[in-house]
Novice: 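Pasting a structure below so you can have a look.
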Amino acid sequence: MAVDVIMPAMGATQETGRLVRWFKREGDSVTRGEMLMEVETDKSVVEVEAPASGILTKVTAGQDDEIPVGQTIALIVEPGEAVSGTREIPDAGPRRKVPARKKAKTPIAPKRAPATTPDTGRFLASPAARRLAKERGVEIAGIQGTGPEGAVVARDVLSTVEAAPATEGAQVPPSRMRRIIGERMTLSKQTAPHFYLHMDVDMTAVEARRDLLKQRGASPVPSFNDFILKAVGRALAESPSMNASWTDEGIEQRREVNLGMAVAVDDGLVVPVISNADKLPLEELALRSRELVAQAQSRRLTPANYQGGTFTVSNLGMFGVDAFTAIINPPQCGILAVGRVAPRVVPDGDAVAVRSMMTMTLSADHRVVDGAIGARFLQRVKQNLEEG
């Protein structure tokens with residue numbers, strides 16, 4: 001009996017997915033559970049397993065097609081099973097190609113024709129190369145490939161961009177991720193009445209504890225951000241009003257502290273979630289944060305990695321930023337923006353001293369919390385950090 005291969009849903013709000021590549025060709029044998037295709041959502045690239053064993057046939061979607069969730073794009077049939085050539089494949093909606101980036105004003109002529117697959121005639125290019133080409137406004141078909149079998153790889157795209165003469169500028173269509181971020185952040189600013197609170201924190205005790213952990217050979221040594229995540233998790237557990245969301249039915253206070261961590265990726269940012277962050281020991285939290293960052297930057301997050309967040313921390317200190325304000329990640333009611341840890345001259349009784357200081361800024365939803373609640377929450381985070 002024929003089994004449908006559909007575009008899977010990787011998240012509750014996902015409407016479409018982009019087919020990055022097939023691991024099998026039409027007519028190939030497949031085994032249930034082996035990798036069949038690679039799909040890109042707005043947050044990650046996910047390898048999808050074959051739903052059954054048999055022969056792959058009736059493939060109706062190709063590389064770079066953007067397909068509605070639930071639409072059938074192929075069949076898997078038993079060996080020798082006849083499939084009517086007129087068999088209707090369920091259609092959940094129109095399929096479209098991902099819009100191509102505009103060609104650079106001064107195109108680069110290829111030294112030789114790019115490699116193509118003999119069965120489909122499609123250009124051979126890695127997913128990273130295709131993303132870079134779209135971001136930089138370069139036609140992938142005009143790039144000489146140096147990868148396996150002449151495939152275009154990321155370094156080929158970068159070399160092409162660097163070799164191109166300077167132009168007055170070009171309109172670059174947003175990536176799928178950038179478009180989703182824009183929509184969500186616009187909705188957040190339009191619907192959630194933001195207010196902002198700033199507070200400085202003395203990070204001297206955290207520095208001392210990190211130095212001690214280094215001396216003891218801790219692996220990994222928790223970063224400043226790990227200490228911040230731990231402090232925020234503990235403060236949220238004691239501040240249920242901040243661990244909440246605005247809903248049509250009222251304010252929903254969450255029982256679990258699931259801490260979102262903003263991570264920059266090539267074409268935007270994602271927010272993987274550390275579940276029960278308030279209950280994790282610092283060392284375990286540090287390991288978990290590193291795992292999530294690595295998965296995010298390689299676009300290998302699963303839906304479970306970025307769902308269920310109750311509050312978010314965004315840290316730009318590693319870029320030398322002293323302070324900034326962040327936009328709330330809906331439906332959460334708050335986000336904490338933290339800057340770099342740097343020496344500053346501060347009052348010390350009747351004198352002054354040089355201390356390692358950091359500025360944190362709370363953005364909060366005034367429908368859910370008021371200034372006093374936000375201020376007490378910041379005081380608790382500050383106390384947790386200054387106690388080391």
Novice: Would you compute the distance between atom CG of Leu378 and atom NE2 of His198 and round it to the nearest 0.5 angstrom?
Specialist: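 Reported value, rounded in 0.5 Å steps: 10.0 Å.
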
Novice: Which is it for His194 and Ser188 under the side-chain contact (heavy atoms from CB on, under 4.5 Å) test, yes or no, and what are the steps along the way?
Specialist: CA-CA 9 Å; His194 288 53; Ser188 177; 3.5 Å; yes

Novice: Would you name the heavy atoms of Ala192 and Asp365 that are closest together and state the gap between them?
Specialist: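 What the structure gives for the nearest pair is CB-OD2, 3.7 Å.
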
Novice: May I ask you to decide whether Arg290 forms a salt bridge with Asp226, counting only side-chain N to carboxylate O separations under 4.0 Å?
Specialist: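 Yes, charged N to carboxylate O under 4.0 Å.
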
Novice: Taking atom CD1 of Ile73 and atom CH2 of Trp22, what is their separation to the nearest 0.5 Å?
Specialist: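 That separation rounds to 4.0 Å.
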
Novice: What's the shortest heavy-atom distance between Glu386 and Ala205, and which atoms?
Specialist: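 For Glu386 versus Ala205, the nearest heavy atoms are O-CB, 3.3 Å.
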
Novice: Answer whether the closest heavy-atom distance between the side chains of Asp28 and Phe23 falls below 4.5 Å.
Specialist: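 With C-beta onward as the side chain, the pair stays apart.
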
Novice: Say you draw a straight line from OG1 of Thr72 to CE of Met7; how long is it, rounded to the nearest 0.5 Å?
Specialist: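 Separation between the atoms: 11.0 Å.
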
Novice: After noting the C-alpha distance and the side-chain angles of Met357 and Asp202, does the key distance pass the side-chain contact (heavy atoms from CB on, under 4.5 Å) rule?
Specialist: CA-CA 5 Å; Met357 302 296 293; Asp202 188 339; 3.9 Å; yes

Novice: Applying the 4.5 Å side-chain criterion to the ILVMFWY set and letting contacts propagate, would Phe377 and Phe195 be lumped into a single cluster?
Specialist: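 Yes; tracing contacts between hydrophobic side chains, which count when under 4.5 Å, links both residues.
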
Novice: Does this structure show an ion pair linking Arg340 with Asp322, if we count only N-O contacts that are shorter than 4.0 Å?
Specialist: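 Here Arg340 pairs with Asp322 in a salt bridge, since their nearest N and O are under 4.0 Å apart.
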
Novice: Any donor and acceptor pair, going by atom type alone, linking the side chain of Ser363 with main-chain N or O of Ala326 inside 3.5 Å?
Specialist: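 Checked: pair present.
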
Novice: Determine whether the side chains of Arg155 and Thr146 contain a donor N or O and an acceptor N or O closer than 3.5 Å.
Specialist: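 Yes - a donor-acceptor pair under 3.5 Å links their side chains.
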
Novice: Check whether Lys230 reaches the backbone of Ala286 with its side chain - one donor and one acceptor, N or O, closer than 3.5 Å.
Specialist: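 No; zero donor-acceptor contacts below 3.5 Å.
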
Novice: For Gly334 and Ile328, work out which heavy atoms get closest and say how close.
Specialist: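 Looks like N-CG2, 4.0 Å.
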
Novice: Indicate whether the side chain of Gln379 and that of Arg376 have a donor and an acceptor atom separated by less than 3.5 Å.
Specialist: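 Absent: no donor and acceptor within the cut-off.
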
Novice: Under a 3.5 Å threshold, yes or no: a donor from one side chain and an acceptor from the other, between Asp156 and Ser159?
Specialist: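 No.
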
Novice: For the pair Asn384 (side chain) and Val381 (backbone), establish whether a donor and an acceptor sit closer than 3.5 Å, ignoring hydrogens and angles.
Specialist: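 Not a single qualifying donor-acceptor pair exists.
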
Novice: Under the criterion side chain to side chain contact (heavy atoms under 4.5 Å, CB included), which of Leu197, Thr361, Ile335 is the partner of Thr325?
Specialist: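 Going through the options one by one, the only one that passes is Thr361.
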
Novice: Between the side chains of Asn225 and Ser223, does any donor sit under 3.5 Å from an acceptor?
Specialist: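 No, Ser223 and Asn225 have no side-chain donor paired with an acceptor closer than 3.5 Å.
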
Novice: Can you find a heavy atom in the side chain of Ile180 that is under 4.5 Å from one in the side chain of Glu183?
Specialist: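 Heavy-atom side-chain distance check passes, below 4.5 Å.
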
Novice: Can you see which heavy atom on Leu292 is nearest to which on Met261, and at what distance?
Specialist: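 In this case the closest contact between Leu292 and Met261 is CB-CE, 4.0 Å.
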
Novice: Mind checking whether Ile327 and Lys189 have side chains closer than 4.5 Å, heavy atoms only?
Specialist: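 Yes - at least one pair of side-chain heavy atoms lies under 4.5 Å apart.
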
Novice: Measure across Lys58 and Glu26 and return the closest heavy-atom pair with its distance rounded to 0.1 Å.
Specialist: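 Taking Lys58 first and Glu26 second, the nearest heavy atoms are N-OE2, 3.0 Å.
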
Novice: Run Val206 and Met358 through side-chain contact (heavy atoms from CB on, under 4.5 Å) and show every step you take.
Specialist: CA-CA 11 Å; Val206 171; Met358 180 187 77; over 6 Å; no

Novice: Would you mind checking if Arg210 and Glu207 are paired as a salt bridge, meaning a charged N to carboxylate O distance below 4.0 Å?
Specialist: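 Not counted as a salt bridge, because no side-chain N and carboxylate O are separated by less than 4.0 Å.
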
Novice: Of the non-hydrogen atoms in Val338 and Phe324, which two are nearest, and what is the gap between them?
Specialist: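 What the structure gives for the nearest pair is O-CE2, 3.3 Å.
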
Novice: What distance separates Thr310 OG1 from Leu236 CG, expressed to the nearest 0.5 Å?
Specialist: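 So the OG1 of Thr310 and the CG of Leu236 are separated by 6.0 Å.
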
Novice: Rounded to the nearest 0.5 Å, what separates atom CD in Glu256 from atom CG in Asn276?
Specialist: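 The CD atom of Glu256 sits 4.5 Å away from the CG atom of Asn276.
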
Novice: For residues Val48 and Leu36, determine if any side-chain heavy atom of one lies less than 4.5 Å from a side-chain heavy atom of the other.
Specialist: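 The answer is no, as the side chains (C-beta and beyond) never meet within the 4.5 Å cut-off.
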
